[in-house]
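One structure is given below, encoded as structure tokens.
Quick note on labels: first sequence line is chain A, next is B, and so on, each numbered from 1.
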Amino acid sequence: MNNVRVRFAPSPTGPLHIGGVRTALYNYLFARKHKGTMILRIEDTDQSRYVPGAEEYIMESLEWSGIHIDEGVREGGPHAPYRQSERKEIYHQYALELIEKGHAYYAFDTPEDLENLRKQAESGHKPFVYNFETRLHLKNSLSYSKNETENSISSGQPYVIRFKTPEHSEVVMQDIVRGTVVVKTETLDDKVLFKSDGLPTYHLANIVDDHLMGISHVIRGEEWLPSLPLHVLLYEAFGWQPPVFAHLPLLLKPDGNGKLSKRDGDRLGFPVFPLRWVDPVSNEVSSGYRESGYFPEAFINMLAFLGWNPGTEQELFSIDELTEAFSLERVNKSGAKFDPDKTKWFNHQYLLKKSAEEISHLFHAILKQKGINTSEDYVFRVVNLVRDRVNFVHEIWNECYFFFEAPESFDEQVVQKRWKPETAGQIREIVSILDEIDPFEPSAIDMAIKEWIIQKGYNTGAVMNAIRLLLVGTSKGPHLSDIMHLVGRKETTARLQKGITILG
RNA sequence: GCUCCCUUCGUCUAGUCAGGCCCAGGACGCCAGGUUUUCAUCCUGGUAACAGGGGUUCGAAUCCCCUAGGGAGUACCA
């Protein structure tokens with residue numbers, strides 16, 4: 001395939017949600033796979049829905065996800081500008097071209113007119129449709145005389161331009177994911193192409209821009225499938241070669257049915273946005289994957305598998321491997337329910353996959369925030385002991401705090417179970433044994449303790465867990481001798497002695 | 001309502017185009033066992049699905065028809 005050019009075309013009406021990121025991802029993978037170009041076009045033709053910060057949010061999200069844009073608002077490119085609001089002048093002439101060719105017409109019906117028509121129709125049984133059956137009875141250049149039309153326009157009456165849907169024919173569409181889709185044109189309505197505010201609707205703008213920007217493949221969400229016939233008809237009306245289409249399955253909410261929405265995340269406790277977002281009006285905060293501690297690689301890997309799979313049993317893919325393996329032919333037709341648990345699992349896998357140095361470095365930063373100053377080397381050794389126990393870097397603290405500070409209290413349940421009348425005496429014995437061990441290293445410590453237990457005939461579980469209780473505060477954590485070795489002899493015996501005075 | 005799309009374990013899915021290799025494979029989750037001085041990790045095992053009904057065929061998850069269910073769209077939004 002040569003000269004692949006794809007675009008991701010979000011509208012800046014709020015934060016980009018993960019469904020949008022997946023669409024961008026598939027576009028990106030497809031472009032890279034075919035050595036093509038990835039374009040970011042901002043579709044802001046509805047100025048009433050403009051949300052400040054949304055555009056920046058989109059770009060930052062893509063950047064964090066590792067989705068690189070070749071041409072776009074920031075990057076520039078041969079077809080700049082890439083923001084539709086800055087391309088205003090372009091669209092009107094194309095709308096006029098359609099009128100000249102007889103594929104579109106002026107319509108003067110006001111929003112109130114249409115509202116009334118809809119209400120009337122509701123009381124009957126049929127809904128109101130602006131189409132071949134009704135357009136001759138409405139206020140437009142098809143029902144008006146040429147004079148009436150010209151007068152209406154020159155008198156400054158607001159108008160829209162509607163597509164004149166052809167009658168009695170079929171639109172046959174090809175979609176890589178869906179196959180052939182056929183629709184009768186009588187079931188279509190005459191969509192508005194150009195609004196009375198002087199801006200095009202999505203339908204016109206996306207066709208004109210895709211054509212002008214040389215887009216070869218349109219990869220977008222399934223919610224666009226119902227307007228595909230209109231789009232194909234528009235390409236025909238202009239006499240342009242349409243791009244290849246691929247409509248992606250929807251991302252569904254984890255419980256029940258329906259499209260994944262912003263609310264589901266808050267309700268079910270997982271992020272639906274790549275980055276944290278604070279609504280500029282309500283100040284409402286939505287959590288993000290980045291801030292929740294997900295690695296972008298894990299996030300992308302998870303997203304790639306929602307609606308696509310390589311057909312092999314491999315599940316962990318770097319973005320390069322995804323690029324290599326990806327194909328639109330292997331994209332599923334049906335919607336995918338989003339699974340927060342699997343997403344955590346992906347992150348766990350990446351946490352294991354990354355170098356100990358990297359994880360350790362990330363965790364060191366968290367320690368600094370907590371005001372704990374310690375060496376890079378010490379953190380490295382601690383992290384190595386506990387990192388396979390967590391899904392996120394920020395969870396490491398909970399697994400290893402006792403390497404950095406003595407326990408503040410002792411788990412009551414464990415005390416009940418492990419602290420017996422004879423325990424204090426045993427701890428005193430082990431303290432003096434620890435004092436003698438040289439070198440103070442895991443294997444030597446293990447050996448000495450084992451010898452002592454056998455010699456005294458103690459119960460291993462009882463003794464070890466009592467020691468653990470004083471060192472850790474509860475019954476969890478890595479191997480005891482590793483803890484002792486890392487915190488050091490002095491701290492170990494100090495904690496044991498302090499424990500005796502507290503628990504008696 | 002109308003138009004279009006979809007339908008394999010609870011979830012993501014393999015298998016469907018080229019019918020037998022599938023009394024359906026993998027992963028997440030869950031359950032059990034094992035390893036372990038604790039917790040966790042890890043290992044092993046288990047749980048669990050072709051929406052329903054007809055047909056075609058020696059043979060159907062795979063092909064055809066019908067039914068049911070779900071979803072999306074139906075704005076001078078994208």
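- Taking atom C1' in both B:A78 and B:C21, the straight-line distance is 48 Å, to the nearest Å.
- Within 4.0 Å (heavy atoms only), A:Val129 reaches no atom of the nucleic acid at all.
- Contact check, A:Arg162 against B:C76: a side-chain N or O comes under 4.0 Å of OP1 or OP2.
- Among the protein residues, A:His479 comes within range of the nucleic acid bases, having at least one heavy atom under 4.0 Å from a base atom.
- Annotation: A:Lys450, atom NZ; neighbour count of heavy atoms from other residues, nucleotides and ligands within 6.0 Å does not exceed 12.
- When the C1' atom of B:C76 is taken as reference, atom CD of A:Glu112 falls 11 Å away, rounded to whole Å.
- The separation of B:G59 from B:C23, taken at their C1' atoms, amounts to 14 Å, rounded to a whole angstrom.
- Contact annotation for A:Arg178: backbone-only contact, meaning every heavy-atom pair under 4.0 Å involves sugar-phosphate atoms and none involves a base.
- Within the structure, every side-chain polar atom (N or O) of A:Arg387 is placed at least 4.0 Å from both OP1 and OP2 of B:C42.
- Cation-pi geometry between A:Lys354 and A:Phe295 is met: the NZ or CZ atom falls under 6.0 Å from the ring centre, inside 45° of the normal.
- B:C12 atom C1' lies 14 Å from atom CD of A:Glu313, rounded to whole Å.
- Closest to the side chain of A:Val160, out of B:U37, B:C76, B:A78, is B:C76.
- Under 4.0 Å is where a charged nitrogen must lie from a carboxylate oxygen, and between A:Asp190 and A:Lys164 no such pair does.
- A cation-pi arrangement, defined by a distance under 6.0 Å to the six-membered ring centre and an angle within 45 degrees of its axis, is present between A:Arg22 and A:Tyr26.
- Taking atom P on both nucleotides, B:A75 is separated from B:U16 by 40 Å, rounded to a whole Å.
- With both ends at atom P, the span from B:U11 to B:U56 equals 33 Å, rounded to whole Å.
- In this structure, A:Pro478 reaches the bases: a heavy-atom distance under 4.0 Å links it to at least one base atom across the strands shown.
- Using a 4.0 Å cut-off between charged side-chain N and carboxylate O, A:Glu43 and A:Arg220 make no salt bridge.
- Not a single donor-acceptor pair, N or O on each side, falls under 3.5 Å between the base of B:C6 and the side chain of A:Ser334.
- When the side-chain nitrogen and oxygen atoms of A:Thr45 are compared with OP1 and OP2 of B:A78, one or more of them lie within a distance under 4.0 Å.
- At B:A78, one or more side-chain N or O atoms of A:Lys195 fall inside 4.0 Å of OP1 or OP2 (strictly under the cut-off).
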ring-ring contact (aromatic ring centres under 6.0 Å, His included) assessment of A:Tyr458 paired with A:Trp452: CA-CA 8 Å; A:Tyr458 293 151; A:Trp452 164 67; 5.3 Å; yes
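- The gap from the P atom of B:U8 to that of B:U13 amounts to 9 Å, rounded to the nearest Å.
- Under the Watson-Crick or G-U wobble criterion, with both distances below 3.5 Å, B:G73 is paired with B:C2.
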ring-ring contact (aromatic ring centres under 6.0 Å, His included) between A:Tyr294 and A:Phe392, intermediate numbers included: CA-CA 7 Å; A:Tyr294 287 89; A:Phe392 301 98; 4.8 Å; yes
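- A residue-by-residue look at A:His348 and A:Lys333 shows that A:Lys333 has its nearest nucleotide of RNA chain B further toward the 5' end.
- When all heavy atoms of A:Phe402 and A:Leu471 are compared, the pair lying nearest together is CB-O, 3.9 Å.
- Nearest nucleotide to the side chain of A:Thr460, out of B:C6, B:C76, B:U37: B:U37.
- Protein atom NE2 of A:His247 is 20 Å distant from nucleotide atom P of B:U3, rounded to whole Å.
- Contact annotation: A:Asn309 side-chain N/O to B:A14 OP1/OP2 distance is under 4.0 Å.
- Rounded to an integer number of Å, the gap from CG of A:Leu199 to P of B:C77 is 9 Å.
- Applying side-chain contact (heavy atoms from CB on, under 4.5 Å) to A:Arg7 and the options A:Ile219, A:Asp210, A:Asn27 leaves one that passes, A:Asp210.
- Across all strands, A:Gly307 comes closer than 4.0 Å only to sugar-phosphate atoms, never to a base (heavy-atom distances).
- A salt bridge is defined here as a Lys NZ or Arg NE, NH1 or NH2 lying under 4.0 Å from an Asp or Glu carboxylate O, and A:Asp255 with A:Arg267 meets this definition.
- Nucleotide B:U44 forms a pair with B:A32, judged by Watson-Crick or G-U wobble geometry with both contacts under 3.5 Å.
- Among the atoms of the strands shown, only primed sugar atoms or phosphate atoms (P, OP1, OP2) are found under 4.0 Å from some heavy atom of A:Phe305.
- Atom CG of A:Asn131 is separated from atom C1' of B:C2 by 12 Å (rounded to the nearest Å).
- If you measure from atom CH2 of A:Trp452 to atom P of B:U37, you get 15 Å, rounded to the nearest angstrom.
- The pairing partner recorded for B:G59 is none, the criterion being a Watson-Crick or G-U wobble arrangement whose two distances lie under 3.5 angstrom.
- In terms of position on RNA chain B, the residue among A:Pro127 and A:Val182 whose nearest nucleotide sits closer to the 5' end is A:Pro127.
- One finds a side-chain N or O of A:Asn332 lying less than 4.0 angstrom from the OP1 or OP2 phosphate oxygen of B:A14.
- Judged by Watson-Crick or G-U wobble contacts below 3.5 Å, the nucleotide B:G19 has no partner.
- A:Arg220 comes within 4.0 angstrom of nothing in the nucleic acid, heavy atoms only.
- Checked against the 6.0 Å centroid threshold, A:Phe270 and A:Phe338 count as a close aromatic pair.
- Across all strands shown, B:A24 has no partner, as no Watson-Crick or G-U wobble contact with both distances under 3.5 Å is found.
- Taking the P atoms as reference points, B:U44 lies 9 Å from B:A27, given to the whole Å.
- A salt bridge links A:Arg178 and A:Glu222; the closest N-O separation between the charged side-chain nitrogens and carboxylate oxygens is under 4.0 Å.
- Ion pairing between a basic and an acidic side chain is recognised when a charged N comes within 4.0 Å of a carboxylate O; A:Lys342 and A:Glu315 show such pairing.
- Within the 4.0 angstrom heavy-atom criterion, only backbone atoms of the sugar-phosphate kind lie near A:Val183; the bases stay farther away.
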For nucleotides 29-34 of chain B, give me every protein contact, N/O to N/O, under 3.5 Å, one pair per line with atom names.
none

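- B:A14 is unpaired under the criterion used here, namely a Watson-Crick or G-U wobble arrangement in which both key atom distances are under 3.5 Å.
- Stacking of A:Arg162 on the aromatic ring of A:Tyr130 is recorded, both the 6.0 Å distance cut-off and the 45° axial limit being met.
- Going from the P atom of B:U62 to that of B:C4 covers 24 Å, rounded to whole Å.
- Put simply, CD on A:Glu133 is 12 Å from C1' on B:C2, counting in whole angstrom units.
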Base-contact (B) and sugar-phosphate-only (S) positions in nucleotides 62-73 of chain B, heavy-atom cut-off under 4.0 Å, - elsewhere: --------SSSS
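- You'll find a donor-acceptor pair under 3.5 Å spanning the side chain of A:Arg49 and the base of B:C77, going by distance alone.
- Remark: the separation of the C1' atoms in B:A61 and B:C9 is 14 Å, to the nearest Å.
- In this structure, A:Met173 atom CE and B:U3 atom C1' are separated by 10 Å, rounded to whole Å.
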